[in-house]
Number of protein chains: 2
Amino acid sequence: MTTTRDLLVDTMKQLLWERGYDATSPNHVLERSGVGKGSFYHHFKSKKSLAIAAMEARADELITEFDTVIATTQGDWLDKVSAYLRMPRHALTGCRIGRIVQDPSVIDSELQAPLQRYFGALQQRLSALYTDARNEGKLSAGCQPEGLATATLSIVQGGFVYGRAVSQDQAVNDACESFIGLLASQRLN
Amino acid sequence: MTTTRDLLVDTMKQLLWERGYDATSPNHVLERSGVGKGSFYHHFKSKKSLAIAAMEARADELITEFDTVIATTQGDWLDKVSAYLRMPRHALTGCRIGRIVQDPSVIDSELQAPLQRYFGALQQRLSALYTDARNEGKLSAGCQPEGLATATLSIVQGGFVYGRAVSQDQAVNDACESFIGLLASQRLN
DNA sequence: GTCTATAGCGGGATAGAC
DNA sequence: GTCTATCCCGCTATAGAC
């Protein structure tokens with residue numbers, strides 16, 4: 001059973017993905033969800049508060065997806081990272097959460113918080129993964145784990161941006177695949 | 001001597017960088033430039049047409065910057081690409097042109113055209129650079145030049161996105177530096 | 001909880017005088 | 001070429017009835 005509140009959050013998640021924050025209006029949410037204006041402002045005090053709820057939910061969802069891929073993929077660090085980089089992506093729509101970071105309103109610290117949490121969580125996990133690999137002698141000692149983690153997250157975000165700019169839906173995959181090739185050269189044993 | 005038209009284009013270039021397309025209104029342009037509304041619509045028939053002019057000018061500027069760095073940097077392919085990746089960047093504001101690709105209105109083909117031209121130009125140049133390097137035996141034969149070019153452009157765009165998301169202005173540089181480290185492993189001779 | 005009505009504001013543009 | 005006045009619309013709510 002889906003409550004009205006949950007319906008609003010789910011609808012906002014979808015619209016934030018499709019149109020970002022600034023370009024999504026309360027009216028869009030109402031039209032798509034079928035909820036009335038009175039209900040909207042009964043459950044949430046503003047567009048911003050609904051967006052925050054939606055982004056927190058999205059962050060949780062994506063962190064869980066990441067953890068699942070890493071945990072269920074057999075093999076060494078490169079196999080796990082490759083599995084993450086090869087997850088199916090909606091290339092032209094963009095990252096379900098990274099898509100909104102350039103919206104002017106998102107400089108606001110409350111709106112930015114879920115983004116920081118999401119990227120911070122993945123950065124930590126990837127850093128730990130690369131650090132362990134290096135300590136076990138399976139990753140070239142010349143690599144800096146934090147930098148590699150930042151690059152890993154950046155290649156995905158940048159692949160989305162580039163792909164949308166040139167309208168080529170295979171661009172994210174190309175960028176990721178090329179990055180995997182470079183990472184493979186750092187694999188030892 | 002700067003004409004009113006040029007002043008409008010320059011102001012729009014700046015605002016597209018700071019706020020993107022959808023969040024920039026004609027009134028913003030008028031306030032910052034000191035031009036009147038009548039003049040605006042005398043020189044341009046719409047916000048969109050001014051934005052296209054501004055983006056074309058920006059694309060020209062950035063392509064020229066790229067060509068200059070590549071041409072003036074001494075050394076092999078890795079030195080040239082590294083010099084490009086190490087160019088100073090306004091990390092938290094974003095790429096002067098890539099910054100706007102997620103704006104919903106920019107799915108419009110006329111608005112997208114300058115973006116396609118810019119990224120297409122750099123993609124071609126980088127592909128050629130990597131192809132030549134490989135043919136000369138200076139780049140590992142296992143590398144695919146087009147994929148490497150896509151990854152090179154993506155690492156910059158993604159570094160901007162990641163850096164803004166976590167409010168860390170060194171993130172773009174970290175991502176680029178890490179990518180340079182990976183590229184270095186592909187250098188032969 | 002949900003509805004309809006209303007409000008104030010800014011966006012994007014047009015009209016016509018100067 | 002530039003100015004001011006005006007227009008219609010959608011955004012982000014708020015008010016108060018049901």
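Here is the naming used below: chain letters follow the sequence lines, and residue numbers restart at 1 for every chain.
The distance between atom CG of L50(B) and atom P of dG11(C), rounded to the nearest whole Å, is 15 Å.
Residue pairs that meet the salt bridge (Lys or Arg N to Asp or Glu O under 4.0 Å) test with at least one member in residues 160-183 of chain B, sequence neighbours left out, are R86(B)-E177(B). Annotation: ring-ring contact (aromatic ring centres under 6.0 Å, His included) contacts involving residues 150-185 of chain A, sequence neighbours excluded, comprise Y162(A)-F119(B). Sorted by first and then second residue, the ring-ring contact (aromatic ring centres under 6.0 Å, His included) pairs involving residues 80-106 of chain A (not counting sequence neighbours) are W17(A)-H90(A), F66(A)-Y84(A).
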statement: Once base and sugar-phosphate atoms are separated, protein heavy atoms under 4.0 Å mark nucleotides 12-18 of chain C, 5' to 3', with B, S and - as SBB----

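OP1 or OP2 of dG10(C) has not a single side-chain nitrogen or oxygen of H28(B) nearer than 4.0 Å. Under 4.0 angstrom from either OP1 or OP2 of dC3(C) there lies no side-chain N or O belonging to H42(A).
In this structure, the side-chain contact (heavy atoms from CB on, under 4.5 Å) partners of V81(A), at least two apart in sequence or on a different chain, are L85(A), L126(A), L129(A), Y130(A), T152(A), L183(A). Here T68(B) pairs with T64(B), T72(B) under the side-chain contact (heavy atoms from CB on, under 4.5 Å) rule; sequence neighbours left out. R125(B) pairs by the salt bridge (Lys or Arg N to Asp or Glu O under 4.0 Å) definition with D67(B), not counting sequence neighbours. Residues passing the side-chain contact (heavy atoms from CB on, under 4.5 Å) test with E65(A), sequence neighbours excluded: E61(A), L62(A), M87(A), R96(A). Residues satisfying the side-chain contact (heavy atoms from CB on, under 4.5 Å) test with A57(B), not counting sequence neighbours, are V9(B), K13(B). Qualifying salt bridge (Lys or Arg N to Asp or Glu O under 4.0 Å) partners for D79(B), counting only residues two or more places apart in sequence or in other chains: R187(B).
D60(A) and R117(A) are joined by a salt bridge, as a carboxylate oxygen and a charged side-chain nitrogen come within less than 4.0 angstrom of each other.
Listed by residue number, there are no residues of residues 102-113 of chain B with a heavy-atom contact under 4.0 Å to DNA chain C. Annotation: proximity of residues 3-19 of chain B to DNA chain D (heavy atom, distance under 4.0 Å) is found for T4(B), numbered in ascending order.
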